[in-house]
Amino acid sequence: METYTLRPRAEAPSDRRYRIDYEGELNPAQHAAATTLDGPVLVVAGAGSGKTRTLVYRVARLVESGVNPGQILLLTFTRKAAEEMLRRASALVGASCEQVAGGTFHSFANVVLRRTARRLGMKPGFTILDRSDSEDVVNLLRSRAGLDRKERRFPRKNAIVEIFSMAVNRSTTVPALLEDGYAHLYEHLEDLVRLEEGYRRYKRDRDLVDYDDLLVLLRDLVRDYADVAAQLSRTYRYIMVDEYQDTNRLQAEIVRGLAVAHDNVMAVGDDSQSIYSFRGATFRNIMEFPDLFPATRIIKLEENYRSTQPILDLANAVIERAAEKHTKILHAHRGPGGPPMLVQCADEQAQSRFICQRILELREEGVSLDDIAVLFRSSFHSFDLELELQRADVPFVKRGGFKFIETAHVKDVLAHLRIVANPRDAVSWHRVLLLLDGVGPKKADDIFTHLAEATTIEAVSEGLATYPRRGAYTKDLTHLAALLAEIAPDELPPGEKVARIVAFYTPMLRQIHREDFPKREKDLEHFITIAGRYRSVASLLSDMALEPPTDSVGNVLAAEVEEGLLTLSTIHSAKGLEWHTIFVIWLVDGRFPSYLNLHDGDEVEEERRLLYVAVTRAKDNLYLSYPIDIYDRAAGMVLGQPSRFVQGLPESILPGMQVIESGGFR
DNA sequence: AACAAGTTGTTTTTT
DNA sequence: ACAACTTGTT
């Protein structure tokens, strides 16, 4: 059989050399940022100010000036963002830019830690726990400690994990955190501290690493192991960090440590767009960057090339009212345009109908669905709209919110794969064993204990074979052992492994989800396809934990992709992107800002910045909409006032409109 | 100890 | 509307 490999086609041959006209392509501030190569640089880049373009040209400039692309590190908020930049840089100076190291802090930490795990006393094959895995572990430890009795009113697993994570990301401790912000949980301080210690030990003993550990371990590595830090610093001679306003202190320490040998760091960010404080991010990182790196050169990009003047006027008006003054005002480069509109709708259905109709009209006018996005504060805000779009045959993708990888059945399949990669992964064992008939938490624990010494799949099979057999699960255990042995060999491609697990799992799936298993089987088919794209199980597992596929399953026909796809997205997931037309829905006080954040001034401010981010995504058209006549169960009140962020804005900046529906009901 | 049915609470954003 | 927890039955 003939074999061959396909590689992405380079947009420019790598040997092609021509001078890039930096002066002609960039404005003076962008030019300064792109051509200041050595030493610390802080770029304060307003929305739409050509930040990406600037970074792309800087990568090109570095490569052009003879820097080996492998010595450049580009830390971004998503891997997609890094890939996009490197693709564009490659188009300028050749495909070698693909060798630039890039990705998120978490994925970079993952790569470095796999190489250096032994220095930290860990196995390179450690397993990454996602949020729900962490919750499972904490829940287990919580009931073991007898903290699940009702009368204690001990916090639930998600609240506990939230606290542990927040403490890490804010570089503080659980007691300090409780004192300031979680006073109502103070009575549980001792138990929580003990639980946290137990959680830590549990992970360490089983080679489990959660998201926060990735950052902590990398920080420890560059802080406490001078030789490793020096080595990394020599490897990555030029470091660029995008979205710096959404980094936390740990990440700042990591940057500081990585650059120890040279100080060649460019941080790029916008304090007005800081929207991740719930993850411990602080826009003060930007202010403090010059403290971390003395002699920092500060460059501001304040020219906006994205939006029309009226849209920019609204953006400036929104941020103008912020409690803390921001460092810049955007100047428009594009001409006039239609004004943004604040649209009042009778109720949620009316809002959905309005959005849907307006989108259809735009399409008639020649605006591709690819150029339109609907943005919202919380993922569930789009549920009703999704139904309406489906009825109207408008194809869309949804970003943010629940991911396909987080569904129970996909996690079940993944758990089998994780066991093979790390037989000590207690979380996955628990999950897999519970699937068997007649096995509950107790028995699962017992079986896992029986396997405790097993660190290879051979030993696992041995262990399962010698487990005392009684009851319904006897056969199932044998089958499980056979499956694990079957999928263990490294030669078997990941796609094939997943296919075999799915074959093994499907009967159970039908049993568990008698009602809706066809849909779930489709998901698993999709997952087999995804797995087929990977060469190694390790990279598949890392990606599933750190960069899971964001598209909501392949339920879109190819023909529809041809004519374009509407985007529905949380504002958080829309960061860094832009569209011709933007709709921001549910601009109701209590939803946006969320009632959950109304009690704290800082949190209200963050929500304000969130609206600023939403507004500045728009190039030409912007609609803000809100329904009245809403009872909100969660908030326990009747909503219906437009968001405080737009109340009182002059009509000249944000004209108010009202949807009048005619022609009876639909 | 496991499972099924019934009850109570809880809602964001993401690596 | 859904998930987590509780109670009752096998």
Side-chain angles (χ1 to χ4, degrees), chain A residues 75-79 103-110 128-136 139 142-143 148-151 153-159 161-162 165-166 168-169 209-216 218 243 246-248 250-251 274-281 375-384 399-403 405-406 408 433-434 436-446 470-473 511-512 542-548 550 569-575 586 590-598 603 606-607 609-611 613-614 632-636:
Chain A
L75 293 169
T76 54
F77 213 70
T78 63
R79 185 181 51 183
T104 62
F105 275 88
H106 289 86
S107 64
F108 177 68
N110 175 51
I128 299 171
L129 302 180
D130 69 17
R131 187 57 173 258
S132 73
D133 295 330
S134 301
E135 288 178 2
D136 288 348
N139 211 28
R142 189 182 69 148
S143 53
D148 52 354
R149 317 202 65 81
K150 190 162 85 176
E151 63 271 23
R153 294 186 38 185
F154 201 72
R156 313 226 171 285
K157 59 181 182 181
N158 53 42
V161 171
E162 176 73 30
S165 178
M166 190 60 94
V168 173
N169 283 296
V209 168
D210 67 20
Y211 289 145
D212 304 331
D213 293 331
L214 287 170
L215 298 183
V216 171
L218 181 57
E243 309 284 6
D246 285 322
T247 58
N248 58 35
L250 273 174
Q251 289 165 317
S274 167
I275 53 176
Y276 277 86
S277 73
F278 67 90
R279 224 165 78 181
L375 306 183
F376 31 85
R377 166 74 248 262
S378 308
S379 187
F380 71 92
H381 290 172
S382 70
F383 286 170
D384 187 74
R399 307 167 50 106
F402 252 2
K403 291 189 191 82
I405 202 73
E406 288 162 354
L433 291 172
L434 279 183
L436 306 183
D437 239 11
V439 179
K442 197 79 183 176
K443 188 119 289 169
D445 216 31
D446 193 44
R470 285 170 266 119
Y473 51 86
Q511 188 84 70
I512 303 166
S542 297
D543 267 17
M544 289 308 113
L546 297 173
E547 310 260 2
T550 47
S569 175
T570 60
I571 298 169
H572 284 91
S573 297
K575 184 160 96 150
W586 273 114
R591 287 237 172 160
F592 193 175
S594 165
Y595 73 99
L596 291 163
N597 288 337
L598 290 182
E603 290 179 334
E606 174 140 327
E607 301 254 328
R609 293 192 295 270
L610 202 51
L611 178 60
V613 169
D632 191 302
R633 258 191 327 280

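Below, chains carry the letters A, B, ... as their sequence lines are ordered, and counting in each starts from 1.
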Notebook entry, point to check: Given atom CD of A:Glu162 and atom P of B:dT13, what is their separation to the nearest angstrom?
Noted result: 12 Å
Next item on the list: Return the 5'-most residue of the pair A:Leu546, A:Asn158 with respect to DNA chain B, ranking by each residue's nearest nucleotide.
Entry: A:Asn158
Notebook entry, point to check: Across all strands shown, which nucleotide pairs with B:dT11 by Watson-Crick or G-U wobble geometry, both distances under 3.5 Å?
Noted result: none
Note to self: Can you see whether A:Tyr473 has A:Lys443 sitting over its ring - NZ or CZ less than 6.0 Å from the centre and within 45° of the normal?
What the structure shows: no
Item checked: Which residue lies more 5' along DNA chain B, comparing A:Asp437 with A:Asn597 via nearest heavy atoms -> A:Asp437
Next item on the list: Can you tell me the distance, in whole Å, between the CD1 atom of A:Ile275 and the P atom of B:dT14?
Entry: 9 Å
Next item on the list: Name the nucleic acid region contacted by A:Ser107, choosing base, sugar-phosphate or nothing; use a 4.0 angstrom heavy-atom cut-off, strictly under.
Entry: nothing
Check: Between B:dT15, B:dT12, B:dT14, which nucleotide gets closest to the side-chain atoms of A:Glu607?
Finding: B:dT12
Notebook entry, point to check: When the distance from CZ of A:Arg591 to C1' of B:dT11 is rounded to whole Å, what number comes out?
Noted result: 10 Å
Check: With no hydrogens and no angle check, is any side-chain donor or acceptor of A:Ser107 less than 3.5 Å from a backbone partner on A:Thr104?
Finding: yes
Item checked: Residue-phosphate contact under 4.0 Å: A:Arg142 side-chain N/O, C:dC5 OP1/OP2 -> yes
Next item on the list: Return the minimal non-hydrogen interatomic distance between A:Arg377 and A:Ser594, and the atom names on each side.
Entry: NH1-CB, 3.8 Å
Margin query: For a quick check of understanding: with a heavy-atom distance under 4.0 Å over all strands, which category does A:Ser573 fall into, base, sugar-phosphate or nothing?
Written below: sugar-phosphate
Next item on the list: Ignoring backbone atoms, test whether A:Thr570 places a side-chain nitrogen or oxygen under 4.0 Å from the OP1 or OP2 oxygen of B:dT12.
Entry: no
Item checked: Atom-to-atom span, CZ of A:Phe380 to P of B:dT13 - whole angstrom -> 8 Å
Check: Rounded to whole angstroms, how far apart are CG on A:Leu218 and C1' on B:dT15?
Finding: 14 Å
Checklist line | Inter-nucleotide C1' distance (B:dT12, C:dC5), Å rounded | finding: 23 Å
Item checked: Between P of B:dT15 and CG of A:Asp212, the distance in whole Å -> 13 Å
Checklist line | Near-parallel close stack of A:Phe278 and B:dT13 base (under 5.5 Å, under 30°) | finding: yes
Notebook entry, point to check: Which nucleotide sits closest to the side chain of A:Arg279: B:dT11, B:dT14, B:dA2?
Noted result: B:dT14
Margin query: Say we look at B:dT11 and C:dT6: how far apart would their P atoms be, to the nearest angstrom?
Written below: 16 Å
Note to self: Students often get this wrong, so: under 4.0 angstrom with heavy atoms, is A:Tyr276 touching a base, only sugar-phosphate, or nothing?
What the structure shows: sugar-phosphate
Notebook entry, point to check: Among the nucleotides B:dT15, C:dA4, B:dT11, which one has an atom lying closest to any side-chain atom of A:Arg156?
Noted result: C:dA4
Next item on the list: Would you classify A:Ser378 as touching base, sugar-phosphate or nothing, given that sugar-phosphate means primed atoms plus P, OP1 and OP2, and contacts are heavy atoms under 4.0 Å?
Entry: sugar-phosphate
Note to self: To check you understand the geometry: which heavy-atom pair defines the closest contact between A:Leu434 and A:Pro441, and what is its length?
What the structure shows: CD2-N, 3.5 Å
Check: Looking only at N and O atoms, is any donor in the side chain of A:Arg377 or the base of B:dT13 less than 3.5 Å from an acceptor on the other one?
Finding: yes
Note to self: Please report the distance, rounded to the nearest Å, between CG in A:Asp446 and C1' in B:dA2.
What the structure shows: 14 Å
Notebook entry, point to check: Charged N to carboxylate O under 4.0 angstrom, A:Glu607 versus A:Arg591?
Noted result: no
Item checked: Nucleotide B:dT13, atom C1' - distance to NE2 of A:His572 in whole Å -> 4 Å
Margin query: For A:Phe380, is there any backbone N or O sitting under 3.5 Å from a side-chain donor or acceptor partner on A:Ser378?
Written below: no
